[in-house]
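To start, the structure itself, in structure tokens.
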2 protein chains.
Amino acid sequence: MSLTIGELSRQTQVKVPTIRYYEQIGLLAEPTRTEGQQRRYRPEDVRRLNFIRHARELGFEVEAIRQLLGLAGDPDRSCGEVHDITKAHLEEVKDKIARLTALRDELETMVTCDHRRISECRIIEVLADHGQCQHLEH
Amino acid sequence: MSLTIGELSRQTQVKVPTIRYYEQIGLLAEPTRTEGQQRRYRPEDVRRLNFIRHARELGFEVEAIRQLLGLAGDPDRSCGEVHDITKAHLEEVKDKIARLTALRDELETMVTCDHRRISECRIIEVLADHGQCQHLEH
DNA sequence: TCTTGAACCTCTAGCCACTAGAGGATGTAG
DNA sequence: CTACATCCTCTAGTGGCTAGAGGTTCAAGA
């Protein structure tokens with residue numbers, strides 16, 4: 001009927017210390033305990049933890065997941081807020097991609113350096129000289 | 001002739017606590033001090049700190065920068081190692097872009113959800129259900 | 001019933017690259 | 001000589017875990 005933390009871990013692919021961490025920060029409710037203080041979980045905890053895992057895999061921050069979990073428990077509400085959170089996250093991801101793409105192009109130019117001496121190395125030059133690339137952030 | 005930490009900060013756009021942090025982890029050498037223990041920098045410290053800043057802007061990790069700084073000080077050496085470090089970093093950046101692009105596509109499908117009730121929300125469904133997207137890491 | 005040992009428990013500290021803040025000292029311009 | 005911007009050190013916090021110490025519990029097999 002009830003699962004140990006290890007069984008929950010196996011079913012969700014979330015590591016045991018991570019489960020305890022999620023409990024500590026309030027993403028997972030405190031489960032019941034045996035007399036010896038070991039945690040015992042119910043099947044619905046598997047569902048909740050899977051939800052959390054999927055959201056983390058999609059790059060949602062813990063704070064966003066906390067909000068999504070709150071909203072998800074309210075079936076009659078409009079999902080506008082869920083949409084907004086996801087959209088905001090999508091925009092962040094797009095931003096990151098844009099910045100990394102600029103970075104990639106810069107690095108690709110740099111690695112065309114053909115193994116001369118350090119004193120003529122294009123990479124070292126780019127790094128040592130001025131800030132042509134001040135627009136880049138990370 | 002010599003610069004205060006604030007002047008160094010202004011010239012390099014690196015924040016004062018960050019400069020002290022770089023000293024602490026050994027990226028910057030300990031500068032001379034006034035009698036009152038305030039740091040005083042030489043112009044070459046500006047160059048070194050600019051090098052560090054450029055490398056950070058390009059996403060190099062501190063460990064990589066430590067190596068690059070070591071190599072940069074050796075003008076007659078071949079820049080093969082510099083090339084390798086940069087190439088490895090480039091590959092990491094490409095990897096990140098690939099993962100984020102997969103994420104973006106997944107999120108874009110999700111946000112096509114058209115504001116129904118939570119109980120029919122596509123986003124919540126994706127998060128709650130299965131792991132079609134187990135291949136995604138972040 | 002007892003023993004073994006895998007799995008559990010709590011607690012603290014570490015990772016990266018900073019950032020923030022407390023509480024006090026220094027240095028320079030007027 | 002005073003005011004006050006800037007400097008100093010030290011500690012703790014950020015996010016999302018992960019690792020390890022040192023001890024306890026539980027279930028299966030003898």
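Contact annotation: B:Lys15 reaches the phosphate of C:dT19 (side-chain N/O to OP1 or OP2, under 4.0 Å). OP1 or OP2 of D:dT18 sits under 4.0 Å from a side-chain N or O of A:Thr18. Regarding contacts with the backbone of D:dC17, a side-chain N or O of A:Tyr22 is found under 4.0 angstrom from either OP1 or OP2.
A donor-acceptor pair is defined here as one N or O able to donate and one able to accept, closer than 3.5 Å; no such pair exists between the side chain of A:Arg77 and the backbone of A:Ala72. Not one N or O on the side chain of A:Asp105 forms a donor-acceptor pair closer than 3.5 Å with the backbone of A:Ala102. For A:Ser9 (side chain) and A:Ile5 (main-chain N/O), no donor-acceptor pair under 3.5 Å exists by modelled atom type. In this structure, B:Thr18 contributes its side chain and B:Val14 its backbone to no donor-acceptor pair below 3.5 Å. Looking only at distances, a side-chain donor or acceptor of A:His83 sits under 3.5 Å from a matching main-chain atom of B:Val111. The main-chain N or O of A:Val46 is never found under 3.5 Å from a side-chain atom of A:Thr12 such that the two would form a donor-acceptor pair.
Nucleotide D:dG15 holds its P atom 10 Å from the CZ atom of A:Arg66, rounded to whole Å. Here C:dA17 presents its C1' atom at 13 Å from CD1 of B:Ile52, a figure rounded to the nearest Å. A:Glu35 places its CD atom 19 Å from the P atom of C:dC8, with the value rounded to the nearest Å. For A:Leu3 and D:dC26, the CG to P distance is 16 Å, given to the nearest whole Å. One can place CZ of A:Phe60 at 17 Å from C1' of D:dG15, the figure rounded to the nearest angstrom. Rounded to whole Å, the distance from CG on B:Leu27 to C1' on C:dA17 is 11 Å. Distance A:Glu30 CD to C:dC9 C1': 14 Å, rounded to the nearest Å. Rounding to whole angstrom units, CG of residue B:Leu58 and P of C:dA17 are separated by 15 Å.
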Per-nucleotide protein contact string for nucleotides 6-12 of chain D, where B marks a base within reach and S marks sugar-phosphate only (heavy atoms under 4.0 Å, - for neither):
-SSB---
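The salt bridge (Lys or Arg N to Asp or Glu O under 4.0 Å) test applied to A:Glu108 returns B:Lys94, not counting sequence neighbours.
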